[in-house]
S.K.: 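Here it is, the structure in full.
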Amino acid sequence: MEELKMYNSLSRQKEIFKPITPGYVGMYVCGPTVYSNVHLGNCRTFISFDIIYRYLKYLGYKVRYVRNITDAGHLEGDRDEGDDKFSKKARLEQLEPMEIVQKYTLGFHKVMELFNTLPPTIEPTATGHISEQIEMIKHILANGYAYEVNGTVYFDVEKYNQEKPYGILTNRKLEDLLEGTRELGGQDEKRGRLDFALWIKAKPEHLMQWPSPWGMGFPGWHIECSAMSCKYLGKQFDIHGGGMDLAATHHTNEIAQSEACYHEKPVNYWIHTNMLTVNGARMSKTAGNGFLPHQLFTGGHPLLDKAYSPMTVRFFMLQTHYRSTLDFSNEALQAAEKGLKRLWDAYEILENLPAGNEIKEAMDPELDKRCIDLLDEFDASMNDDFNTARVLAAMFELVPVINSLKSGQIALNSLSTGTLEQLRKKFSIYLTDVFGLKNDKEADSGRLEGVLQLLIQIRKEARAKKDFATSDKIRNELQQQGIVLKDEKDGSVSWSAV
RNA sequence: GGUCCUGUGGCCGAGUGGCUAGGCAGAGCUCUGCAAAAGCUCCCACAGCGGUUCGAAUCCGCUCGGGACCUCCA
């Protein structure tokens, strides 16, 4: 099989993936800040990495997947009088900071579950790793890349840059970065304009603060990921991911901290997912154009005509490559909903296909080969930087074949039994295991199935008597309930939920 | 201002220099008690202008448009 290639932000090109330890992958993904609800843009990133995680597992790798929960306070702005995000919100809502954290962590997990993402293997919290962060800061100080001013510790970017290129991840020179930075009035604590805080001195009113060698305070934003990734994945690990918006600042600083601490390149492959946009503009907390997952599932958003299921949204995201922006619109979602249904229908046909006789030789070798080629494209496309859109295109090309297999337009023995089996298996594995899609219909079946079979039977009897008034009534009323009946060619009746 | 990305048919979106992306919508036909599905066929796009090449949506240049990052944000 071809090798897996992934786009590395560090080199700005696709590279063949070689794990540090054969057979094992260490992957760290920057998780959510739990002081408010996650919006759909956040979800896109986590869904993208869920696919990557699933695919790595599909390839047989044993993956340690670490995704953090940021629950420690950060400065609001670039000023040290800025409030701790968590305590600020806590005061507004009269809650303890950890109550906020708990509330939104649970909400986040619920949403991730609805989207059917697999939980990471380790989900560490920043507040649970304060001592690790302090240790790391001590190390960086000892190595001479940081300095303390009045209880706050800053990272010395210019000093670091003398030895290692600071802007390596986003291909920027320090001079250019300095030029782009605005003048910070009243901020004379920092020696360099690009210097960032590793540890921040807390004011007495800060609710979240911890003792440290520099007095009471809390960690800077970037240090948690460096400390936790090192703890669970080592000083050097395979993949670090996150949204593209994190590359320039957060990830750049992570690299600098880790290098300054351990003198080792922390990450081999940096993977960045692109943004979700609304009317061409990035969805973000501050822009106020964020969709909450909940609004989507209920249709409760001014820009939406109707509700869309989590799986429709997941599928919608799969149709676009993870490094392209994805624009959110009603029409696109509707198209996704229909497309996904077409895929599920094909999936069901495959699952219910009769076994048939053992056929070694395909009666239609040309078609047989085409099917094999399309199936091979699944892995080939995924190996080419996780191109889910191209896998789906290949799947859709197989759908007419599958449908024809059912209707008899293509005889079962046109394909060899081996091909048929591979078709069934691969279609199913990709849909459910790799892409993580769940059949909504299967979820609410059970009792409903029994009731429907009764109605279908009554309708069948009516039709046999040419009592179309009754048969149409059953079908029409069911449709009102969102259930569509189909009279198949062989006289059977199937149903699907809209 | 700096660093980049991007501009594909009605809509969404893949795309390796030559070979069909795909989905949705639309049109026609077939099937069907009627539907719905499904099958078949059609709709042959690549911002503009130049250049490289036997050949470019794909490479290069310019022009115009859109966006991101440089400040908390997946």
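Every chain is numbered from 1 and lettered A, B, ... according to where its sequence line falls, protein lines coming before strand lines.
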S.K.: Using atom C1' of each nucleotide, how far apart are B:G26 and B:G10 to the nearest Å?
M.R.: 8 Å
S.K.: Less than 3.5 Å between a donor and an acceptor, one on the side chain of A:Arg475 and one on the base of B:C34, is that the case here?
M.R.: yes
S.K.: Verify the contact: side-chain N or O of A:Thr170 to OP1 or OP2 of B:C70, cut-off strictly under 4.0 Å; return yes or no.
M.R.: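 No, no such contact exists.
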S.K.: Parallel, tilted or perpendicular, judged at 30° and 60°: which one describes the rings of A:Phe378 and A:Phe427?
M.R.: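 Ring orientation of A:Phe378 relative to A:Phe427: tilted.
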S.K.: If you check every side-chain atom of A:Arg390, which of B:U3, B:G15, B:C24 has the closest atom?
M.R.: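 Taking heavy atoms from C-beta onward, the closest nucleotide is B:G15.
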S.K.: So if I apply the side-chain contact (heavy atoms from CB on, under 4.5 Å) rule between A:Tyr104 and each of A:Asp71, A:Thr33, A:Asn37, A:Val38, which one comes out positive?
M.R.: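 The residue from A:Asp71, A:Thr33, A:Asn37, A:Val38 that satisfies side-chain contact (heavy atoms from CB on, under 4.5 Å) with A:Tyr104 turns out to be A:Asn37.
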S.K.: In this structure, is the centre-to-centre distance between the rings of A:Tyr430 and A:Tyr347 below 6.0 Å?
M.R.: no
S.K.: Between A:Asn171 and B:C4, is there a side-chain N or O to OP1/OP2 distance below 4.0 Å?
M.R.: yes
S.K.: Nearest-Å distance, CG (A:Leu485) to P (B:U32)?
M.R.: 19 Å
S.K.: Just by modelled atom types, is the A:Leu415 backbone N or O under 3.5 Å from a matching donor or acceptor in the A:Asp368 side chain?
M.R.: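 No; zero donor-acceptor contacts below 3.5 Å.
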S.K.: State which of B:A74, B:C24, B:C12 makes the closest approach to the side chain of A:Lys338.
M.R.: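 Of the options given, the side chain of A:Lys338 lies nearest B:C24.
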S.K.: Rounded to whole Å, please give me the gap between CD in A:Gln334 and C1' in B:C24.
M.R.: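 That distance rounds to 9 Å.
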S.K.: When you measure from the side chain of A:Ser324, which nucleotide among B:A14, B:C70, B:G23 comes out closest?
M.R.: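 Closest of the options to the side chain of A:Ser324: B:A14.
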S.K.: Can you tell which of B:G22, B:G33, B:A14 lies closest to the side chain of A:His321?
M.R.: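 The closest nucleotide is B:A14.
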S.K.: Select base, sugar-phosphate, or nothing to describe what A:Asp384 touches, counting heavy atoms under 4.0 Å on all strands.
M.R.: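 No contact at all - A:Asp384 keeps every heavy atom at 4.0 Å or more from the nucleic acid.
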S.K.: Could you please name the partner base of B:C54, counting Watson-Crick and G-U wobble pairs only when both distances are under 3.5 Å?
M.R.: B:G18
S.K.: When the C1' atoms of B:C72 and B:C24 are compared, how many Å lie between them, rounded to an integer?
M.R.: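 These two C1' atoms come out 38 Å apart once rounded.
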S.K.: May I ask you to evaluate whether A:Arg342 reaches the phosphate of B:G39, defined as a side-chain N or O under 4.0 Å from OP1 or OP2?
M.R.: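 So the side-chain polar atoms of A:Arg342 do come within 4.0 Å of the phosphate oxygens OP1 or OP2 of B:G39, strictly under.
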S.K.: Rounding to the closest angstrom, what is the interatomic distance between B:C11 and B:G51 at atom C1'?
M.R.: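 Approximately 34 Å lies between the C1' atom of B:C11 and that of B:G51.
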S.K.: Let's test this: given Watson-Crick or G-U wobble pairing with both distances under 3.5 Å, identify the partner of B:A68.
M.R.: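 By the stated definition (distances under 3.5 Å), B:U3 pairs with B:A68.
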S.K.: Suppose you measure atom P in B:G28 against the same atom in B:U6; what distance do you get, rounded to whole Å?
M.R.: 40 Å
S.K.: Please report, rounded to the nearest Å, how far the P atom of B:U71 is from the CG atom of A:Leu194.
M.R.: 8 Å
S.K.: Measure from the side-chain heavy atoms of A:Leu177 and tell me the nearest of B:C70, B:G39, B:U3.
M.R.: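 Out of B:C70, B:G39, B:U3, the nucleotide with an atom closest to A:Leu177's side chain is B:C70.
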S.K.: If you assign each of A:Ala281 and A:Asp327 to its closest nucleotide in RNA chain B, which residue comes earlier from the 5' end?
M.R.: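 Taking each residue's closest nucleotide, the earlier one in sequence belongs to A:Asp327.
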S.K.: For the pair made of CZ in A:Arg12 and P in B:A68, what is the distance, rounded to whole Å?
M.R.: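 That distance rounds to 21 Å.
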S.K.: Looking at the base of B:C34, is there any donor atom on it, or on the side chain of A:Asp487, that sits under 3.5 Å from an acceptor on the other one?
M.R.: yes
S.K.: Of the nucleotides B:A74, B:G33, B:G39, which has the atom closest to the A:Pro400 side chain?
M.R.: B:G39
S.K.: Which whole number of Å gives the distance between the P atom of B:A14 and that of B:U8?
M.R.: 11 Å
S.K.: For the residue pair A:Asn330 / A:Tyr308, report whether a side-chain donor-acceptor contact shorter than 3.5 Å exists.
M.R.: yes
S.K.: How close or far is atom C1' of B:C12 from atom CD of A:Glu331, stated in whole angstroms?
M.R.: 8 Å
S.K.: Would you mind telling me which of B:G22, B:G13, B:G15 lies closest to the side-chain atoms of A:Glu397?
M.R.: B:G22
S.K.: Between A:Ser404 and A:Gly243, which residue's closest nucleotide on RNA chain B lies nearer the 5′ terminus?
M.R.: A:Ser404
S.K.: Please report the distance, rounded to the nearest Å, between CE in A:Met395 and C1' in B:G23.
M.R.: 14 Å
S.K.: Exactly one of A:Arg323, A:His240, A:His251 should register a side-chain contact (heavy atoms from CB on, under 4.5 Å) with A:His272. Which one does?
M.R.: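 Considering A:Arg323, A:His240, A:His251, a side-chain contact (heavy atoms from CB on, under 4.5 Å) with A:His272 is found only for A:His251.
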S.K.: Give none if B:C42 has no partner; otherwise give the nucleotide forming a Watson-Crick or G-U wobble pair with it, both distances under 3.5 Å.
M.R.: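 Its partner is B:G26.
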S.K.: Pick the P atom in B:U16 and in B:C70, then give their distance to the nearest Å.
M.R.: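 Approximately 29 Å lies between the P atom of B:U16 and that of B:C70.
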S.K.: Considering only B:G2, B:G22, B:A14, which nucleotide approaches the side chain of A:Arg172 most closely?
M.R.: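 Within the option list, the nearest is B:G2.
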S.K.: Below the 4.0 Å mark, does B:U71 have OP1 or OP2 next to a side-chain nitrogen or oxygen of A:Thr249?
M.R.: no
S.K.: Looking at B:A38, I'd like to know if its phosphate oxygens (OP1 or OP2) sit under 4.0 Å from a side-chain N or O belonging to A:Asn403.
M.R.: no
S.K.: Atom CH2 of A:Trp344 and atom NZ of A:Lys438: how far apart are they, to the nearest 0.5 Å?
M.R.: 10.0 Å
S.K.: Could you state the atom-to-atom distance from CG of A:Asn387 to C1' of B:G23 in whole Å?
M.R.: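 Result: 15 Å.
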S.K.: Mind checking A:Arg323 for me? I need base, sugar-phosphate or nothing, with any heavy atom below 4.0 Å counting as a touch.
M.R.: nothing
S.K.: If we check side-chain contact (heavy atoms from CB on, under 4.5 Å) with A:Ser471, which of these qualifies: A:Glu461, A:Lys466, A:Arg463, A:Lys460?
M.R.: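 One option only clears the test, and that one is A:Arg463.
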S.K.: Within the structure shown, what part of the strands sits under 4.0 Å from A:Gly242 by heavy-atom distance: base, sugar-phosphate, or nothing?
M.R.: sugar-phosphate
S.K.: Say you pick atom C1' in B:G9 and the same atom in B:C4; how far apart are they, in whole Å?
M.R.: 29 Å
S.K.: Establish whether the base of B:G33 is bridged to the side chain of A:Asp472 by a donor-acceptor pair shorter than 3.5 Å.
M.R.: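 Yes, the side chain and the base share a sub-3.5 Å donor-acceptor pair.
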S.K.: To the nearest angstrom, how far is A:Ile474 atom CD1 from B:G33 atom P?
M.R.: 18 Å
S.K.: Nearest of B:G23, B:A74, B:A36 to any side-chain atom of A:Val484?
M.R.: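 For the A:Val484 side chain, the nearest candidate turns out to be B:A36.
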S.K.: P atom, B:G17 versus B:C59: distance in rounded Å?
M.R.: 8 Å
S.K.: Going by ring centres under 5.5 Å and near-parallel planes (under 30°), is A:Phe468 stacked on B:G33?
M.R.: yes
S.K.: To the side chain of A:Leu276, which of B:C24, B:G33, B:A74 is closest?
M.R.: B:A74
S.K.: When you measure from the centre of the six-membered ring of A:Phe49, is the NZ or CZ of A:Arg67 closer than 6.0 Å and no more than 45° off the axis?
M.R.: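 That pair does not qualify as a cation-pi contact.
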